[in-house]
Amino acid sequence: MPTSTVKMVLPSSAPGTKRTLRVHRYGAAGARPKAYFHAALHADEIPGLLVAHHLLRGLEQAQAEGRIIGEVVVVPVANPIGLSQHLNGRLLGRFDFESTGNFNRGFPDLTAAALERLRGRLSGDPAANVALIRGVLRTVLAEQAMLRETDVLKRVLLGLAIDADFVFDLHCDGEALLHLYASQWQRDDAVELGADLGAAAVLLEEEPGGNPFDEACASPWWKLRAALAPEGPTPLACFATTVELRGQADVNDEDAVADAAALLRFLQRRGVIAGEPGPLPEPRCEPTPLDGVDVLTAPTAGVLVYRKPLGGWVAAGEVVAELVDPLGEPLGATRIPIRSAASGLLFARMTERLTRPGQKFCKVAGREPLSYRQAGKLLED
Ligand SMILES: [Zn+2]
């Protein structure tokens with residue numbers, strides 16, 4: 001049994017309707033380190049729901065055996081709003097039908113408000129500074145006035161995670177190999193987690209932009225550290241990562257059991273759970289910069305025909321896919337080759353096979369930063 005299970009009620013979006021979040025907690029409230037997980041913030045990304053199911057079973061066992069040292073908070077279904085969005089028989093959970101945009105963008109950046117209250121209050125004790133900053137972050141978030149259901153959902157999720165030591169946002173891509181997004185400041189954590197998960201790509205960024213959930217949790221720490229450096233030591237006290245659990249159709253117990261076990265081993269390595277995780281597996285990849293990911297874009301509408309498989313290696317200048325004009329004219333110019341600007345691994349691509357002009361359809365993880373990829377604008381819509 002969890003230490004507690006709480007239902008948190010979101011503002012009713014229409015008379016006669018009510019949506020809730022289920023929040024499970026393991027370990028003693030307030031114990032450290034604290035880990036936070038949620039799944040399917042993009043509600044049509046189902047692999048995380050099955051991983052969370054197996055994660056909860058593992059935590060049940062650890063709790064029964066008295067092995068939970070810190071605290072673990074799990075929101076197994078992070079986005080009941082998105083899960084209710086169907087159109088033409090399909091679940092569409094990436095963008096809010098209520099027009100607030102992408103569910104994983106626009107989380108509040110608490111840095112500026114926290115900084116105002118922290119000036120002149122730090123001491124020479126790093127642990128005391130971390131506790132102070134966590135308290136201030138919780139306070140400034142709680143003071144944010146929100147009315148719309150999606151905004152309240154974002155505030156609630158961030159409120160559960162903002163004071164965690166480790167934050168795991170479980171997503172997936174269209175068709176993909178398992179990969180991670182994390183900050184360059186937290187390379188070691190990202191590399192170890194990637195090794196345990198067998199990640200094919202670990203993408204490190206300086207500033208992704210758009211304020212996704214992981215950035216909202218972790219970035220106040222390095223922004224505050226930079227601003228408050230003369231006043232006292234402020235460690236980076238939150239490792240937050242977006243874990244992309246392969247593709248949307250990769251929903252099976254075999255992968256989900258292995259992924260949940262890997263996440264639990266990482267918690268053991270970080271002292272959240274007791275027990276022997278075994279030796280760290282050899283990483284499958286070196287981390288690469290997020291600004292080295294070539295996001296291939298379709299110049300026109302067309303039928304998308306891949307020339308490279310998912311998981312294939314691509315050299316810069318190689319043709320990754322062709323766009324076919326099904327109208328067939330002018331004759332001879334009906335296929336447009338799309339080339340990669342990066343040399344690297346083709347690790348993710350969209351599921352549809354018909355493009356619109358400007359549509360981003362495929363990602364290749366290269367080692368070298370690409371000139372068109374700019375900090376602050378590194379994520380797709
Ligand atoms: Zn996602």
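First listed ligand is number 1; within each ligand, the first listed atom is number 1. Quick note: residue numbers are just sequence positions, from 1.
Less than 2.8 Å away from the Zn ion (ligand 1), the protein contributes these N/O/S atoms: His42 ND1, Glu45 OE1, Glu45 OE2, His171 ND1.
Taking the six-membered ring for Trp and thresholds of 30 and 60 degrees, Phe266 and Phe166 have ring planes more than 60 degrees apart, a perpendicular arrangement.
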- Item | Full working for side chain to side chain contact (heavy atoms under 4.5 Å, CB included) between Glu318 and Ser340 | CA-CA 6 Å; Glu318 263 195 292; Ser340 175; 5.6 Å; no
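Salt bridge absent: Asp325 and Arg335 never bring a charged side-chain N and a carboxylate O closer than 4.0 Å.
Here Phe239 pairs with nothing under the ring pair (Phe, Tyr, Trp, His ring centres under 6.0 Å) rule; sequence neighbours left out.
In this structure, Arg349 is not positioned above the aromatic face of Phe361 in the sense of NZ or CZ being under 6.0 Å from the six-membered ring centre and within 45° of the axis.
Side chain to side chain, Ser84 and Arg19 meet the donor-acceptor criterion of an N or O pair below 3.5 Å.
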